[in-house]
Amino acid sequence: MTISIYKYKQRLLVLFLVLFFNQETFSQNNAVILGKGFDKQNGKLLKVAKPIGNYPKSFYKKNSDDIKVENGQFVKKLELDSNGFITVYEDPYMFGSFSFFVEKGDSIIIEQKKDRIEISGNNSAFNNLYTNNSYLKLSADSVFDVLTVLKKYKNADDVIKNVDIQKQKIFNFYKVLNKEKKISANCLKAVNAEIEGRINFFAGNYSENGRNEETKKKLGLAFDTKEAQKLVEFYNSKYSVFNENSLYSTILDQNLYMTGWNMEAQAKKTNKKVNRFWNQFDELFKSCRSNFGVIDFVEPEQYKEIYIASCIFESIRFNCVKNKKDLIAVYRAFIKKYPESNYNMIIENLLFEDDLKQKENNNSPIGSLSSYDSTVGLSISNSLIDEKKSFEEAIAEKYPNQNLFIDFWATYCSPCIKQFEYNDELHLFLGKQDIKTMYVTIDNEASVDLWKKMINDYSLVGYHYFASEIYRNEKIMKAVIDYVPHYFVYNYKTKKITLVEGYPSEKQKFYDKITASLIK
């Protein structure tokens with residue numbers, strides 16, 4: 001009878017979800033989360049970290065994903081890029097967290113009880129174990145502790161062998177749950193990657209500690225420092241962190257860090273030459289990662305991308321890098337290396353969130369367009385466009401007999417920067433048509449120095465304007481303020497500015513649209 005009542009309550013909750021949301025809520029890319037029993041958080045915000053791009057690692061994205069707790073409950077619709085792990089934090093969002101696996105289309109019910117979080121819905125057989133930190137299951141009534149194996153065996157090979165035996169038992173436990181249809185195939189794939197990643201991380205970390213006699217004794221490890229070194233080399237290098245399935249582990253970045261340490265040591269032994277780049281930021285990240293630049297020794301670029309993005313997120317979350325300008329410099333290096341990364345816009349939103357809020361509350365905008373011609377040097381000229389004129393009027397007055405191709409961009413916009421790769425061919429076409437190029441950035445005023453530097457770095461030859469707040473509220477600016485890049489053509493004969501759909505990467509198709517916009 002108890003089971004029937006439980007199922008009845010579950011159906012009522014699901015019915016509530018259906019009534020609460022419209023049909024769009026249950027679209028392919030959404031998940032719905034219902035929370036109960038959050039009385040201590042009543043009236044507070046809960047932060048949500050969710051999968052970004054194709055990787056299931058949780059990242060905090062933006063304020064629109066925040067959850068407001070009212071009367072101890074909440075209902076939240078989340079748009080997902082991919083299946084993966086969601087983490088819910090109390091505010092501040094590094095405190096009081098719990099995580100669970102979610103798939104697109106899921107409806108998940110979370111109930112906070114005195115001693116645990118209870119989760120209902122798809123894959124609850126795993127989620128209840130994971131969120132309550134009991135996911136390393138050997139059987140229905142026992143959980144695996146990596147340290148027990150390291151305390152028992154003196155030989156490194158025996159440690160590796162027995163860790164693998166226990167690991168396989170855990171895999172088998174979840175295979176049975178999948179066979180019984182208690183967890184999905186997607187969940188099983190993520191679970192296997194998570195277990196593989198975490199067990200190897202724990203084993204590798206304990207092995208690192210085993211190389212120090214004092215720490216080894218405190219932990220009660222059975223092997224000597226020589227065997228500890230063998231284990232370190234296995235778990236930090238021979239264990240394939242580069243296996244494609246490893247991408248589904250939420251602690252991939254930490255395993256990459258450990259792997260980088262060992263690869264650095266091996267490179268020193270063999271005098272292997274490695275192109276160093278990220279080590280220039282070692283000092284900035286020293287409170288987050290004592291050797292941030294070891295990622296230089298990890299060769300596949302997709303893993304470097306994940307690692308660097310994770311470190312930037314980590315530094316924002318825990319305030320590891322005190323000077324935000326320094327962190328912005330790291331981000332600039334990141335988007336130059338990975339202009340199409342899924343993480344670019346999310347990092348950007350977090351880095352510039354305070355600046356955007358400040359601008360919204362600023363009642364005294366500068367009210368001008370600062371300009372200079374990049375062909376005559378990297379300094380802002382003293383000539384300012386009259387703020388009382390519209391953008392079209394200002395352009396018509398300054399360039400009365402010149403057709404212009406206008407590129408709206410921002411220093412933080414990776415798609416804008418990606419399109420700069422096609423500038424040589426674009427400018428060759430524009431030159432033949434006697435069309436000059438104008439670049440207008442919609443950055444905030446704090447980015448002026450970076451703006452000038454990037455003009456030089458990307459050889460952006462043409463007229464340059466730094467649009468201030470008053471011009472962002474103007475009609476032409478409003479068309480681009482939501483996103484960039486945007487492209488326009490100014491026809492000096494008609495004194496009109498026309499939007500050009502498309503991108504320079506489309507080449508002739510894009511050039512034809514420019515030509516068409518200049519026809520009377």
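The figures here come from the full heavy-atom set of this structure, side chains too, leaving out hydrogens, waters and symmetry mates.
- Applying the side-chain hydrogen bond (donor to acceptor under 3.5 Å, both in side chains) test to Gln168 and every residue at least two apart in sequence or in another chain returns Asn172.
- Once rounded to the nearest 0.5 Å, the distance linking OG of Ser315 with CG of Leu327 reads 4.0 Å.
- Judged by the 6.0 Å and 45° rule, Lys304 forms no cation-pi pair with Tyr338.
- Shown here is Glu506, whose CD atom has more than 12 heavy atoms of other residues, nucleotides or ligands within 6.0 Å.
- A salt bridge links Arg198 with Glu194; the closest basic N to acidic carboxylate O contact falls under 4.0 Å.
- Counting heavy atoms from C-beta outward, Asn262 and Val232 have side chains that approach closer than 4.5 Å.
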If you apply the rule side-chain hydrogen bond (donor to acceptor under 3.5 Å, both in side chains), what do you find for Tyr257 with Ser310, and how did you get there? CA-CA 11 Å; Tyr257 182 59; Ser310 296; over 6 Å; no

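- Shortest non-hydrogen contact noted between Phe74 and Lys68 is CB-O, 3.7 Å.
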With side-chain hydrogen bond (donor to acceptor under 3.5 Å, both in side chains) as the test, would you mind laying out the steps for Asn205 and Gln254 before giving the verdict? CA-CA 10 Å; Asn205 199 33; Gln254 297 178 56; over 6 Å; no

Evaluate side-chain contact (heavy atoms from CB on, under 4.5 Å) for Ile119 paired with Ile109, printing each intermediate quantity in order. CA-CA 6 Å; Ile119 298 180; Ile109 302 163; over 6 Å; no

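- Of all the heavy atoms in Asn127 and Asn122, the pair that sits closest is ND2-O, 3.7 Å.
- No side-chain donor-acceptor contact under 3.5 Å links Ser99 and Tyr89.
- Partners of Asn42 by side chain to side chain contact (heavy atoms under 4.5 Å, CB included), not counting sequence neighbours, listed by chain and number: Val69.
- To the nearest 0.5 Å, atom CG of residue Asp282 and atom CG of residue Asp296 are 8.0 Å apart.
- Not a single side-chain hydrogen bond (donor to acceptor under 3.5 Å, both in side chains) links Thr131 to another residue, sequence neighbours left out.
- The shortest distance between side-chain heavy atoms of Tyr343 and Ile306 falls below 4.5 Å.
- Pairing each heavy atom of Gly260 with each of Phe297, the nearest pair is O-CB, 4.3 Å.
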Enumerate, atom names and distances included, each donor-acceptor pair closer than 3.5 Å involving a side-chain atom of residues 219-229, sequence neighbours excluded.
residue : atom : partner : partner atom : Å
Asp224  : OD1  : Lys226  : N            : 3.2
Asp224  : OD1  : Glu227  : N            : 2.9
Glu227  : OE1  : Ala156  : N            : 2.8
Glu227  : OE2  : Lys230  : NZ           : 3.2
Gln229  : OE1  : Arg211  : NH1          : 2.7
Gln229  : NE2  : Glu233  : OE2          : 3.2

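- Between Phe281 and Phe277, the two ring planes are perpendicular [angle over 60°; tilted spans 30° to 60°].
- By the salt bridge (charged side-chain N to carboxylate O under 4.0 Å, His left out) test, Asp164 pairs with Lys167, sequence neighbours left out.
- Counting only heavy atoms from C-beta outward, the side chains of Phe420 and Tyr422 never approach each other to under 4.5 Å.
- Atom CZ in Phe144 sits 5.0 Å away from atom CD in Gln166 (nearest 0.5 Å).
- Scanning all heavy atoms of the two residues, the minimum distance from Cys311 to Phe285 falls at O-CE2, 3.7 Å.
- Side-chain N/O atoms of Asn186 and Ser184 include no donor and acceptor closer than 3.5 Å.
- With values rounded to the nearest 0.5 angstrom, Leu78 atom CG is found 5.5 Å from Asp65 atom CG.
- From Ser124, atom OG reaches atom CD1 of Ile110 across 12.0 Å, with rounding to the nearest 0.5 Å.
- Rounded to the nearest 0.5 Å, atoms CG (Asn132) and CD (Glu118) are 9.0 Å apart.
- Ring geometry for Phe126 against Phe85 counts as perpendicular: the plane angle is over 60°, on a 0 to 90° scale with 30° as the lower cut.
- Ring-plane geometry between Trp278 and Phe292 is classed as perpendicular, the angle between the planes exceeding 60 degrees on a 0 to 90 degree scale with a lower cut at 30.
- Proximity of Ile117 to Lys113: side-chain heavy atoms (C-beta onward) are nowhere separated by under 4.5 Å.
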Take Glu70 and Lys36, measure what salt bridge (charged side-chain N to carboxylate O under 4.0 Å, His left out) needs, and give me the verdict at the end. CA-CA 10 Å; Glu70 296 179 357; Lys36 296 172 57 185; over 6 Å; no

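- A salt bridge links Asp253 with Arg289: at least one charged nitrogen is closer than 4.0 Å to a carboxylate oxygen.
- Two residues are said to be in side-chain contact when any heavy atoms from C-beta on lie closer than 4.5 Å; Tyr174 and Asn178 fail this criterion.
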How far apart are the C-alpha atoms of Glu79 and Asn30, what are their side-chain angles, what is the distance that settles it, and do they pass the side-chain hydrogen bond (donor to acceptor under 3.5 Å, both in side chains) test? CA-CA 4 Å; Glu79 186 175 343; Asn30 292 334; over 6 Å; no

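- Listed by first then second residue, pairs satisfying salt bridge (Lys or Arg N to Asp or Glu O under 4.0 Å) with a partner in residues 142-152 number zero, not counting sequence neighbours.
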